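As a basis for the values below, the full set of heavy atoms in this structure was taken, side chains included, without hydrogen atoms, waters or symmetry mates. As the structure lists them, so they are numbered: ligands from 1, and atoms in each ligand from 1. Values in this document were obtained by computation on a predicted structure and should not be read as measured data.
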Amino acid sequence: MAKSLFIKTYGCQMNVYDTDRMADILAPLGYAMTHTAEDADMVILNTCHIREKAAEKVFSELGRLRALKDAKAARGETMILAVAGCVAQAAGQEIVRRAPYVDMVFGPQTYHRLPEMVGQAARQTGTVLDTDFPVESKFDFLPEATRVEASSAFLTIQEGCDKFCTFCVVPYTRGAEFSRPPREVVAEARRLAENGAREITLLGQNVNAYHGELDDGGQWGLGRLIREIATIDGVSRIRYTTSYPAEVDDQLIAAHRDVPQLMAFLHLPVQSGSDRILAAMNRRHTAGQYRELVARLREARPDIALSSDFIVGFPGETEEDFELTMSLIRDVGFIQAFSFKYSPRPGTPAAAMPAQVPEDTKTHRLAQLQGLLEQQQIKFNETCVGRDMAVLLDRPGRHSGQLVGRTPYMQAVHVTAPDHLLGTVNVLRIYSAQTNSLAGTLLHDQLDNTRQTGSVERTLTA
Ligand code: SAH
Ligand code: F3S
């Protein structure tokens, strides 16, 4: 009998990918995805533990779901309630204690065991808890990735992190670095392309630490993998995220120079512009080394634009340290960024450091930093007016006859265009710019499905 499954996804793109894989693995058990928790037979919260607020949200959501579960029970029906992801990994016992009505709690490395857990949950009372770091890789047990709903698809190639930045929970929740073999990744990329994906974003907590083992014992780094994926028919855009600056190697820089499908946009988190703070964060690179890296990337690909992650108010951050971050933002000219107030995470070294920065100082610095980044974003968007840019039209617009797409720089563009162009790359002439989006007119139809698309983008956006 058909059963309905609702998965709510928090946090990073890797969770988005995991959510799709959970849906794939539950489909043979009769679960079909639905868009609301009301009446669902199973609800999974795929959670994020990166900042305190992200984790707190889970407990308030669980309270709300409990009411739905109770209402179903009153009608003689059941709802399986599960918590997955990094909150489950880091605070599994706490969930069992604070929310005993939850049926299953499992971490990011064990969701291939979901069918087993569902069976267990049906048989026993009390919560099924599975937060191991198993020796087997979940990727070996999952059905082939099939869920492509859009022309842009995620593909997880690497997981985990060994860097231990002193503020970060990821190494504790996701475990050690692991790379999927190139054979497996390339096969998955092929299937995605066959199912209509034009853009593939390679994912990993530390994606450029990728070192996939070949059958003959050799290894491929990320640069080599990108070259291979670029040969797949239909793949006109490649992106990767998130990268660790100290691990950008010559091969990867060369891929930016040589592979036209690799978009001229890179998310490269730097966190701070102060060497003192970077050292306290255990980031293994200085601000100067980061600048040099950006210069080398620009030499290889002159039209490359950068975005980043920033943390303000890390323990011990002074006004001078903060000013160094602001200078770095101006000098590199980031066109976009995610920025956060430092949030102490239990069990991480930084949480125990003296000189925690007061909340109002963090708030003030964050506003200043975001103000600067917004100015830079608007300025960059304005430089796009009058240019012809390649845009992947990936969703319908708000009004009929309108489509929305993304430029190589991830800017959203609104355009009047026929529906059959959905899922294709087209050249648009940009005529206006707002803070968060552009508007353009259609110049040519269907540049897509050829490997030339990237080179068109290159000449057009240079
Ligand atoms: N692997 C990536 C990012 C991991 S988490 C990297 O190399 O940086 C995503 C972002 O969340 C981080 O880049 C950081 O800016 C932010 N973040 C992580 N832990 C945080 C914390 N304790 N407080 C505030 N921001 C944090
Ligand atoms: Fe976190 Fe640093 Fe790794 S931010 S994910 S510990 S590179």
Side-chain angles (χ1 to χ4, degrees), residues 10-17 47-57 85-87 89-91 108 156-179 201-210 222 239-248 252 266-274 277-285 287 289-290 293 306-317 322 325 328-329 334 336-353 356-357 359 361-363 365-366 369-370 373:
Y10 300 81
C12 65
Q13 289 138 327
M14 303 201 50
N15 268 7
V16 176
Y17 178 89
T47 61
C48 173
H49 199 242
I50 198 81
R51 284 167 295 276
E52 192 181 359
K53 269 195 193 138
E56 269 170 15
K57 277 190 201 152
C86 291
V87 175
Q89 189 64 47
T156 295
I157 64 166
Q158 183 278 342
E159 214 172 344
C161 183
D162 299 339
K163 300 295 177 289
F164 291 93
C165 300
T166 54
F167 53 81
C168 185
V169 289
V170 169
Y172 309 96
T173 58
R174 288 273 172 169
E177 283 172 8
F178 165 81
S179 299
T201 302
L202 306 174
L203 299 180
Q205 258 91 34
N206 238 309
V207 74
N208 61 328
Y210 180 82
L222 181 60
R239 303 179 186 276
Y240 60 91
T241 200
T242 300
S243 297
Y244 187 70
E247 242 168 321
V248 176
L252 186 56
L266 181 57
H267 181 67
L268 194 59
V270 62
Q271 316 298 354
S272 168
S274 156
I277 296 298
L278 287 170
M281 287 176 165
N282 188 31
R283 284 293 289 186
R284 309 178 198 198
H285 59 81
Q289 285 164 337
Y290 187 88
L293 183 58
L306 285 115
S307 77
S308 202
D309 289 348
F310 295 95
I311 294 179
V312 298
F314 184 83
E317 186 187 72
F322 176 66
T325 302
L328 184 70
I329 293 173
F334 294 103
Q336 218 248 304
F338 299 106
S339 47
F340 314 97
K341 293 188 225 177
Y342 169 68
S343 166
R345 307 309 292 125
T348 60
M353 286 180 187
Q356 297 285 329
V357 173
E359 195 57 27
T361 308
K362 289 185 197 173
T363 306
R365 287 181 188 164
L366 187 67
L369 185 144
Q370 289 181 338
L373 280 159

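Listed by number with element, the atoms of ligand 2 under 4.0 Å from a non-hydrogen atom of Tyr244 are 7 (S). Each of the following atoms of ligand 2 lies closer than 4.0 Å to a heavy atom of Val170: 5 (S). Short contacts between ligand 2 and Phe164, defined as distances under 4.0 Å to a heavy atom of the residue, involve ligand atoms 6 (S). Remark: ligand 2 atoms within the under-4.0 Å shell around heavy atoms of Asn206 are 3 (Fe), 7 (S). Within ligand 1, the atoms closer than 4.0 Å to a non-hydrogen atom of Lys341 are 23 (N), 24 (C), numbered from 1 in the order shown. Heavy-atom proximity to Pro171, at under 4.0 Å, picks out these atoms of ligand 2: 6 (S). Short contacts between ligand 1 and Thr242, defined as distances under 4.0 Å to a heavy atom of the residue, involve ligand atoms 2 (C).
Of the protein's heavy atoms, Cys161 SG, 2.3 Å lies nearest to atom 3 (Fe) of ligand 2. Looking only at protein heavy atoms, the nearest one to atom 13 (O) of ligand 1 is Asp309 OD2, 2.6 Å. If you check which protein heavy atom lies closest to atom 5 (S) of ligand 1, you get Ile50 CD1, 3.4 Å. Scanning the protein heavy atoms around atom 14 (C) of ligand 1, the nearest turns out to be Gln271 OE1, 3.4 Å. Scanning the protein heavy atoms around atom 20 (C) of ligand 1, the nearest turns out to be Phe167 CD1, 3.7 Å. Nearest protein neighbour of atom 23 (N) of ligand 1, counting heavy atoms only, is Ser343 N, 2.9 Å.
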Worksheet item: side-chain contact (heavy atoms from CB on, under 4.5 Å) between Cys165 and Asn282: does it pass, once the steps are laid out?
Response: CA-CA 5 Å; Cys165 300; Asn282 188 31; 5.6 Å; no
Discussion item. With salt bridge (charged side-chain N to carboxylate O under 4.0 Å, His left out) as the criterion, how do Arg284 and Glu247 come out once you've worked through the C-alpha distance, each side chain's angles and the decisive distance to 0.1 Å?
Written reply: CA-CA 10 Å; Arg284 309 178 198 198; Glu247 242 168 321; over 6 Å; no
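Residues Ile277 and Ile311 have side chains not in contact (no heavy-atom distance under 4.5 Å, counting atoms from C-beta outward). Contact of the Gln336 side chain with the Leu373 side chain is not registered, since no non-hydrogen atoms from C-beta on lie closer than 4.5 Å. With contacts defined as side-chain heavy-atom distances shorter than 4.5 Å, the pair Gln271/Phe314 does not qualify.
Under the 30°/60° scheme for interplanar angles, the aromatic rings of Tyr172 and Phe164 are found to stand perpendicular. The aromatic rings of His285 and Tyr290 sit tilted, their planes meeting at an angle between 30° and 60°.
Contacts between Pro269 and ligand 2, counted as non-hydrogen atom pairs separated by less than 4.0 Å, are absent for every part of the residue. With a 4.0 Å heavy-atom cut-off, ligand 2 is reached by the side chain of Phe167 but not by its N, CA, C or O. The part of Arg283 lying near ligand 1 is the side chain, judged by heavy-atom distances below 4.0 Å.
At a 3.5 angstrom cut-off on N or O pairs, Arg51 counts as close to ligand 1. Where the criterion is an N or O separation shorter than 3.5 Å, residue side chain and backbone included, Tyr342 fails it with respect to ligand 1. The shortest N or O to N or O distance between Ile311 and ligand 1 is not below 3.5 Å. Residue-to-ligand polar distances place Gln205 within reach of ligand 1: an N/O pair is separated by less than 3.5 Å. Checked against a 3.5 angstrom limit, the closest N/O atoms of Asn206 and ligand 1 fall outside it.
For atom 3 (Fe) of ligand 2, the N/O/S atoms of Cys165 include none lying under 2.8 Å. Among the atoms of Cys168, an N, O or S atom is found under 2.8 Å from atom 1 (Fe) of ligand 2.
Looking only at distances, a side-chain donor or acceptor of Gln205 sits under 3.5 Å from a matching main-chain atom of Gly160. Counting only distance, with no hydrogens or angles, the side chain of Ser179 and the backbone of Tyr210 share no donor-acceptor pair below 3.5 Å.
For the atom pair Leu252 CG and Asn208 CG, the distance stands at 6.0 Å (nearest 0.5 Å).
Annotation: cation-pi pair Lys163/Tyr244 present, NZ/CZ under 6.0 Å from the ring centroid and within 45° of its normal.
Looking at every heavy atom in both residues, Pro315 comes nearest to Ala350 through CG-O, 3.6 Å.
His267 and Ser307 are linked by a side-chain donor-acceptor pair at a separation below 3.5 angstrom, with hydrogens and angles left out of the test. Using modelled atom types and a 3.5 Å distance limit, the side chains of Ser343 and Glu52 yield no donor-acceptor pair.
Taking a 4.0 Å cut-off on heavy atoms, Arg283 registers as neighbouring ligand 2.
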